[in-house]
J.: 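I have a structure here, written as structure tokens, and I will follow up with some questions on it.
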Amino acid sequence: MNKADPRLPRYQQIRDDIAARIAKGEWKAGEAIATEAELSTTYGVAIGTIRRAIDELAGDGLIERAHGRGMFVRRADFSSSLFRFFRLGSGDQPQLVPQSRILSRSLETPSTEIRDKLLLAQTQDAVRMIRLRLDGGRVLLREEIWLSAALFRPILDIDLEQLMPLLYPAYERHCGRIVARAKERLQVETASKEVAADLGAKPGDTVVRMERLAIDHADMPLEWRISHGLADQFVYEVDVH
């Protein structure tokens with residue numbers, strides 16, 4: 001068992017240990033984890049304690065129960081999350097799947113902000129990618145993506161086709177890292193020269209900036225992403241009850 005905080009209740013310690021085992025790839029996304037009886041034996045506790053730990057994991061969205069089949073590592077789907085904010089196609093057309101174009105991949109010394117986001121040491125490098133998301137031939141988003149080089153160095157060398165259209169399956173396939181959830185933040189700002197050039201806009205044009213911190217099952221940050229899109233394509237819609 002991974003080192004746990006002894007101040008926590010036993011079920012919480014077990015919950016954290018199972019989450020860490022998932023993050024390390026002991027159970028892959030979509031795979032069944034051990035049964036409650038097996039976990040009870042492994043941790044030397046009653047079934048009720050295991051069920052409380054499983055309830056916590058399910059409530060946090062890390063696993064899901066399938067009646068009569070077992071408990072499975074939940075595979076998060078971020079394929080369209082950013083695009084709930086932007087128009088794809090015309091209003092009377094179904095939503096399209098955006099295309100991807102990676103402009104650059106490089107090994108770089110990250111800024112203090114990037115180090116803080118990814119919990120990197122002073123001596124650690126990072127992988128930086130610039131990617132465009134397109135609707136037909138029109139650029140919809142520009143993305144600046146930062147990853148720990150210690151965890152994601154293979155991303156620098158694999159064929160670009162293996163990184164498209166979605167990155168998170170590539171992270172899992174080539175680096176063994178699973179994104180479980182993400183925190184997102186939106187704000188409006190003016191486009192820098194670099195951002196404007198990639199979006200086909202003018203410096204100073206209004207853009208929407210979306211920051212995303214992607215996190216694994218053990219609550220460790222995996223990816224810091226800054227996306228920019230033109231404000232005139234931005235749509236916010238929510239159901240209020």
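Since this is a predicted model, take the numbers as computed values, not measurements.
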J.: Hey, quick one: are Leu166 and Ile215 part of the same hydrophobic cluster, counting side-chain heavy atoms closer than 4.5 Å, chains of contacts allowed?
T.: no
J.: Decide side chain to side chain contact (heavy atoms under 4.5 Å, CB included) for Glu223 and Arg225; before the verdict, give the C-alpha distance in whole Å, the side-chain angles of both, and the deciding distance to 0.1 Å.
T.: CA-CA 6 Å; Glu223 177 203 75; Arg225 182 183 305 201; 2.8 Å; yes
J.: For residues 103-144, which residue pairs qualify under ring-ring contact (aromatic ring centres under 6.0 Å, His included), counting only residues two or more places apart or in two chains?
T.: none
J.: Would a single hydrophobic cluster contain both Ile50 and Trp27, if residues Ile, Leu, Val, Met, Phe, Trp and Tyr are joined by side-chain heavy-atom contacts under 4.5 Å?
T.: yes
J.: Going by the rule ring-ring contact (aromatic ring centres under 6.0 Å, His included), which residues pair with Tyr11 if we only count those two or more places apart in sequence or in a different chain?
T.: none
J.: Applying salt bridge (charged side-chain N to carboxylate O under 4.0 Å, His left out), can you list everything that pairs with Asp198, at least two apart in sequence or on another chain?
T.: Arg142
J.: List the residues meeting side chain to side chain contact (heavy atoms under 4.5 Å, CB included) with Leu151, not counting sequence neighbours, and say none if there are none.
T.: Ser148, Arg177, Leu222
J.: Please report the shortest heavy-atom distance between Ile155 and Cys175, naming the atom on each side.
T.: CG1-SG, 4.0 Å
J.: Can you tell me how far the CD1 atom of Ile178 sits from the CG atom of Leu62, to the nearest 0.5 Å?
T.: 10.0 Å
J.: May I have all residue pairs that pass ring-ring contact (aromatic ring centres under 6.0 Å, His included) and include part of residues 171-205, sequence neighbours excluded?
T.: Phe152-Tyr171, Tyr168-Tyr171
J.: Thr49 versus Arg51: any side-chain heavy-atom pair under 4.5 Å?
T.: no
J.: Let's go through Asp216 and Arg181 carefully: what are the C-alpha distance in whole Å and the side-chain angles of both, what is the deciding distance for salt bridge (charged side-chain N to carboxylate O under 4.0 Å, His left out) to 0.1 Å, and is it a yes or a no?
T.: CA-CA 7 Å; Asp216 72 8; Arg181 61 189 181 88; over 6 Å; no
J.: Among residues at least two apart in sequence or on other chains, which ones pass side chain to side chain contact (heavy atoms under 4.5 Å, CB included) with Ala66?
T.: Arg69, Phe72
J.: Can you name the salt bridge (charged side-chain N to carboxylate O under 4.0 Å, His left out) partners of Glu172, sequence neighbours left out?
T.: Arg75
J.: Does either side chain, that of Glu108 or that of Ser106, offer a donor lying less than 3.5 Å from an acceptor on the other one?
T.: yes
J.: Is there a side-chain contact between Arg131 and Leu163, using heavy atoms and a 4.5 Å cut-off?
T.: no
J.: Okay, side chain of Arg212, backbone of Lys183: is any donor-acceptor separation there less than 3.5 Å?
T.: no
J.: Rounded at 0.5 Å granularity, tell me how far CG in Leu167 sits from OG in Ser100.
T.: 7.0 Å
J.: Kindly indicate, with the supporting measurements, whether the criterion side chain to side chain contact (heavy atoms under 4.5 Å, CB included) is fulfilled by Leu103 and Met129.
T.: CA-CA 7 Å; Leu103 300 182; Met129 282 191 291; over 6 Å; no
J.: What is the distance from atom CD of Glu31 to atom CD of Glu26, rounded to the nearest 0.5 Å?
T.: 10.5 Å
J.: For a 4.5 angstrom cut-off between non-hydrogen side-chain atoms, does Val127 reach Leu156?
T.: yes
J.: Decide side chain to side chain contact (heavy atoms under 4.5 Å, CB included) for Ile18 and His217; before the verdict, give the C-alpha distance in whole Å, the side-chain angles of both, and the deciding distance to 0.1 Å.
T.: CA-CA 9 Å; Ile18 293 173; His217 289 90; over 6 Å; no
J.: List in chain and number order the residues that pass salt bridge (charged side-chain N to carboxylate O under 4.0 Å, His left out) with Glu211, two or more places apart in sequence or in another chain; answer none if no residue qualifies.
T.: Arg185, Arg209
J.: Hey, is CZ on Arg173 packed in by over 12 heavy atoms from elsewhere, all under 6.0 Å?
T.: yes
J.: Do Leu120 and Pro110 have side chains that get closer than 4.5 Å, going by heavy atoms?
T.: yes
J.: Hey, is the main chain of Glu36 close enough, under 3.5 Å, to the side chain of Ser40 for a donor-acceptor pair?
T.: no
J.: Answer whether the closest heavy-atom distance between the side chains of Val188 and Thr206 falls below 4.5 Å.
T.: yes
J.: Using the test salt bridge (charged side-chain N to carboxylate O under 4.0 Å, His left out), find all partners of Asp125 that sit at least two apart in sequence or belong to another chain.
T.: none
J.: Would you mind checking if Asp55 and Arg52 are paired as a salt bridge, meaning a charged N to carboxylate O distance below 4.0 Å?
T.: no
J.: Is there a chain of hydrophobic side chains (I, L, V, M, F, W, Y, each step under 4.5 Å between heavy atoms) that links Val73 to Ile54?
T.: yes
J.: How many angstroms lie between CG in Leu118 and CG in Leu213, if you round to the nearest 0.5 Å?
T.: 7.0 Å
J.: Identify whether Ile102 and Leu147 are in the same connected component of the hydrophobic contact network (ILVMFWY, side-chain heavy atoms under 4.5 Å).
T.: yes
J.: Tell me which one of Glu189, Glu144, Glu143 satisfies side-chain hydrogen bond (donor to acceptor under 3.5 Å, both in side chains) with His228.
T.: Glu189
J.: To the nearest 0.5 Å, how far apart are CG in Leu199 and OG in Ser192?
T.: 9.0 Å
J.: Residues two or more places apart in sequence or in another chain: which of them pass side chain to side chain contact (heavy atoms under 4.5 Å, CB included) with Asp159?
T.: Glu161, Gln162
J.: What heavy-atom pair brings Ile33 and Leu39 nearest, and what distance separates the two atoms?
T.: CD1-CD1, 4.3 Å
J.: Distance alone, cut at 3.5 Å: any donor-acceptor contact between the side chains of Arg115 and Gln124?
T.: no
J.: Search all heavy atoms of Ala218 against all heavy atoms of Ala20 and return the closest pair with its distance.
T.: CB-CA, 4.0 Å
J.: Please confirm whether the backbone N or O of Leu141 pairs with a side-chain atom of Ser227, one donor and one acceptor, at under 3.5 Å?
T.: no
J.: Filter on ring-ring contact (aromatic ring centres under 6.0 Å, His included), then keep only pairs touching residues 127-150, sequence neighbours left out; what's left?
T.: none
J.: Tell me the closest heavy-atom pair linking Ala19 and Leu57, and the distance in Å.
T.: CB-CD2, 4.2 Å
J.: For Ala191 versus Val195, what's the shortest heavy-atom pair and its separation?
T.: CB-CG1, 4.3 Å
J.: Excluding sequence neighbours, so at least two apart, what forms side chain to side chain contact (heavy atoms under 4.5 Å, CB included) with Gln12?
T.: Leu8, Pro9, Arg15, Asp16, Glu56
J.: Quick one: does Arg128's side chain have a donor or acceptor within less than 3.5 Å of a partner on Ile145's backbone?
T.: no
J.: If every non-hydrogen atom of Val45 is compared with every non-hydrogen atom of Arg10, which pair is closest and at what distance?
T.: CG1-NE, 3.6 Å
J.: Yes or no on side chain to side chain contact (heavy atoms under 4.5 Å, CB included) for Ile22 and Ile63, after CA distance, side-chain angles and deciding distance?
T.: CA-CA 10 Å; Ile22 292 172; Ile63 67 169; 4.0 Å; yes
